[in-house]
Amino acid sequence: MYNHILSIVLFTPLVGAALLLLVPKENKDAIRWIANIFGFLGFAVSLPLVPWFWAAKERAGFQFVEGAPNNWIPTIGAGYVLGIDGISFLLIMLTTVLGAISILSSWNAIQDRVKEYYIWFLALQTGMLGVFMANDMFLFFVFWEAMLVPMYLLIGIWGGPRKLYAAIKFFLYTLFGSVLMLLGILFLYFHHHTLTGVYTFYLPDLYATAPKIGGHAAIWLFFAFFLGFAIKVPMFPFHTWLPDAHVEAPTAGSVILAGVLLKMGTYGLIRFSLPFFPAVAMTPWVRQFMIVLSLIGIIYGALVSLMQKDMKKLVAYSSVSHLGFCTLGIFALSPLGLSGSVLQQINHGISTGALFLIVGILYERRHTREINEYGGISNVMPLYATITLIMFMSSMGLPLLNGFVGEFTILQGTFMENKVWAAWAVPGVILAAAYLLWLYQRVFFGPVNNPKNEKLLDLSGRELATFVPLIALAFWIGLYPKPFFQILSTPVNNLVATVRPDYPGLNANKPVVATQPAATPQPVTTSLKTQESVIPTEGVSPSGGTCCASVAHTSSPDKQVLRLRARATREVRESQKQAGRSAQDDTVRISAATPTNSANAQLALANAK
């Protein structure tokens with residue numbers, strides 16, 4: 001099982017979909033039970049990944065690799081190759097959790113064509129998982145396109161009054177981006193053959209040759225991939241398909257669309273755009289352009305949310321704002337920014353998925369999402385009101401809940417790169433609190449003025465079961481996010497070292513989190529050694545402290561050396577700023593024979609000064 005765990009996780013939902021084909025469509029209860037069993041089974045078979053990946057979290061590269069290059073369609077160089085790292089691992093676990101919850105939430109919501117609904121939903125689950133597991137670009141593109149059809153049908157058949165318009169708009173937008181991305185993949189494919197004489201779509205091989213593309217070709221390719229992923233996120237101004245798709249989709253479709261499908265765009269930017277074209281990503285005007293789009297999305301999405309009269313459309317526009325923080329962290333291109341971005345993607349899936357479930361529960365009872373139709377709901381549905389308040393606080397970033405950790409880490413990483421970028425992003429946090437608290441006040445507080453709301457039933461046991469895991473995850477990440485940052489440390493630091501080889505304290509093979517901000521990076525040459533010849537990445541904060549490493553990972557002398565390095569770097573930067581000298585003339589070189597020798601540590605500090 002260990003050697004094929006990814007294939008088992010990938011195809012379990014598809015087995016359920018195939019089994020449903022054999023069940024008569026008139027037997028709706030049996031169909032619902034089978035779909036829910038396989039939805040939960042899809043989550044259950046992914047649980048062994050947690051301890052197994054935790055044991056391998058510090059290894060660089062992809063883990064649990066299955067298959068081999070060119071073993072699927074050898075004539076074109078396509079292979080069935082699966083593998084995951086810390087980033088894809090977290091997104092896979094999010095997908096299996098939300099998939100099971102979404103299927104459970106559909107029990108009463110779907111009454112027509114029940115068999116087809118669950119078949120397409122389980123097929124969609126396999127497509128989403130495949131995107132996060134694929135280590136072959138051809139296989140990735142197959143899964144990327146395969147999940148479009150189920151989502152199109154879920155919106156177009158089981159959606160609201162304008163379902164066809166929303167489904168076609170979603171399909172055309174995404175297909176347009178996919179075509180551009182396909183052209184980029186083919187260019188990389190033939191470019192690799194030009195350099196090596198081998199036709200292959202194998203991702204690690206393309207990682208080696210794609211960065212060698214230079215000039216205008218690299219810029220065009222970067223934007224070909226960027227458009228494909230930016231439409232999926234969606235980033236401003238490619239977001240116009242999202243509100244329509246969310247509003248018209250069934251509740252479970254909105255949950256999986258917000259929780260997982262949108263993350264494919266941010267995942268693509270991290271997995272492909274940055275490592276394929278590091279020079280383009282670090283080009284000042286390109287990076288500035290991406291940051292500006294992210295900041296506009298943050299402010300614009302929040303302002304439009306304030307003006308909405310439909311609860312579901314309000315949550316939809318809030319996704320534009322929240323995912324603006326994710327792309328801001330990505331293009332901050334620092335360990336903190338990228339770690340915060342991935343964690344915020346998980347947080348968004350948890351919080352916004354819960355918000356769509358909350359709206360769907362009211363819609364099932366009243367068949368309206370208009371805010372002015374409600375008021376005083378906490379008087380008749382107290383349990384529902386309590387859970388809603390918790391998830392609203394999670395979405396707005398209240399401390400001790402998951403949203404705070406992600407947003408704070410992104411803002412910290414962005415501030416270290418550029419204070420102005422962080423300053424423009426902060427109003428998004430304030431506006432999020434404004435539109436969510438105002439929504440809660442109008443819907444839940446005050447007297448019950450509408451007689452139709454007087455006899456609304458509170459949450460059933462099944463509905464409560466859909467919220468329990470989301471609330472538990474929200475508090476877990478908010479109270480103890482250390483395991484998540486440990487899982488992300490190795491892939492994030494390797495990515496930063498790839499895109500920014502001169503980032504202080506990082507190298508591509510043994511990454512170390514930087515000890516200084518990277519807005520004006522200064523090269524650091526160090527012979528510092530530890531017991532494992534590498535400083536634990538999850539244990540060093542960008543300020544030089546050891547914020548989250550266990551005692552077993554970092555010895556006391558090592559911590560002292562790290563503090564000395566941080567202090568030396570800060571003093572050098574201050575002196576350079578006062579004297580007006582350039583970074584090139586004042587390269588900091590810290591040398592220490594062994595970290596366990598305190599005399600050497602003091603010498604390193606003196607040399608740095």
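Basis for what follows: all heavy atoms, side chains included, without hydrogens, waters or symmetry-related copies.
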Parallel, tilted or perpendicular: rings of [Y] and [X] (30°, 60°):
| X | Y | value |
| --- | --- | --- |
| Phe222 | Phe226 | parallel |
| His239 | Phe236 | parallel |
| Trp144 | Phe229 | perpendicular |

What's the separation between atom [atom1] in [X] and atom [atom2] in [Y], rounded to the nearest 0.5 Å?
| X | Y | atom1 | atom2 | result |
| --- | --- | --- | --- | --- |
| Leu91 | Ile346 | CG | CD1 | 4.5 Å |
| Leu154 | Ser102 | CG | OG | 10.5 Å |
| Lys312 | Arg369 | NZ | CZ | 5.0 Å |
| Leu473 | Ile350 | CG | CD1 | 4.5 Å |
| Leu314 | Ile371 | CG | CD1 | 5.5 Å |
| Leu439 | Thr388 | CG | OG1 | 9.0 Å |

Under a 4.5 Å cut-off applied to non-hydrogen side-chain atoms, are [X] and [Y] in contact?
| X | Y | value |
| --- | --- | --- |
| Val315 | Thr352 | yes |
| Phe223 | Phe277 | no |
| Met133 | Glu66 | no |
| Lys163 | Ile157 | no |
| Leu203 | Asp136 | no |
| Val342 | Leu338 | no |
| Leu333 | Leu274 | yes |
| Ile5 | Val9 | yes |

Are the side chain of [X] and the backbone N or O of [Y] linked by a donor-acceptor pair below 3.5 Å?
| X | Y | value |
| --- | --- | --- |
| Gln63 | Ile84 | no |
| Lys232 | Leu227 | no |
| Ser341 | Cys326 | yes |
| Thr409 | Val405 | yes |
| Thr266 | Lys263 | yes |
| Ser321 | Ile298 | yes |
| Asn347 | Asn402 | yes |
| Asn71 | Tyr80 | yes |
| Lys25 | Arg113 | no |
| Asp85 | Ser88 | yes |

In this structure, is the centre-to-centre distance between the rings of [Y] and [X] below 6.0 Å?
| X | Y | answer |
| --- | --- | --- |
| Phe201 | Tyr189 | yes |
| Phe272 | Phe140 | yes |
| Phe356 | His246 | yes |
| Trp220 | Phe187 | no |
| Trp107 | Trp33 | yes |

Indicate whether the side chain of [X] and that of [Y] have a donor and an acceptor atom separated by less than 3.5 Å.
| X | Y | answer |
| --- | --- | --- |
| Tyr267 | Arg271 | yes |
| Tyr173 | Thr240 | yes |
| Glu145 | Ser178 | yes |
| Ser305 | Ser318 | no |
| Tyr117 | Ser106 | yes |

Evaluate the side chain to side chain contact (heavy atoms under 4.5 Å, CB included) criterion for residues Val50 and Phe89: first the C-alpha distance (whole Å), next the side-chain angles of each, then the deciding distance (0.1 Å), finally the verdict. CA-CA 9 Å; Val50 177; Phe89 164 72; 4.2 Å; yes

Going by an N to O cut-off under 4.0 Å, is there a salt bridge joining Arg365 and Glu463?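 Yes, Arg365 and Glu463 are salt-bridged.
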
Is the shortest side-chain N to carboxylate O distance from Arg366 to Glu373 below 4.0 Å?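 Looking at Arg366 and Glu373, the cut-off is met.
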
State, to 0.1 Å, how close [X] and [Y] come at their nearest heavy-atom pair, and which atoms those are.
| X | Y | result |
| --- | --- | --- |
| Ala316 | Pro243 | CB-CA, 4.0 Å |
| Ala210 | Leu188 | CB-CD2, 3.8 Å |
| Val81 | Gly67 | CG2-C, 4.4 Å |
| Phe475 | Ile390 | CE1-CG2, 4.0 Å |
| Gly130 | Leu10 | N-CD1, 3.4 Å |
| Gly79 | Leu139 | O-CB, 4.0 Å |

Has Trp476 got more than 12 heavy atoms of other residues, nucleotides or ligands less than 6.0 Å from its CH2?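 Count not over threshold, so no.
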
Check against side chain to side chain contact (heavy atoms under 4.5 Å, CB included), Leu357 and Leu470: CA-CA 11 Å; Leu357 287 174; Leu470 299 179; 4.0 Å; yes

Residue pair Ser395, Ser351: steps toward the side chain to side chain donor-acceptor pair (under 3.5 Å) verdict: CA-CA 5 Å; Ser395 184; Ser351 303; 5.4 Å; no

Side chain to side chain contact (heavy atoms under 4.5 Å, CB included) between Ile256 and Thr95: does it pass, once the steps are laid out? CA-CA 8 Å; Ile256 213 70; Thr95 303; 5.6 Å; no

Option from Phe176, Phe170, Tyr152 for which ring pair (Phe, Tyr, Trp, His ring centres under 6.0 Å) with Trp241 holds: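 That would be Phe170.
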
For Val429 and Phe325, run side chain to side chain contact (heavy atoms under 4.5 Å, CB included): C-alpha distance rounded to whole Å, both residues' side-chain angles, the deciding distance at 0.1 Å, then the answer. CA-CA 10 Å; Val429 180; Phe325 279 101; 3.7 Å; yes

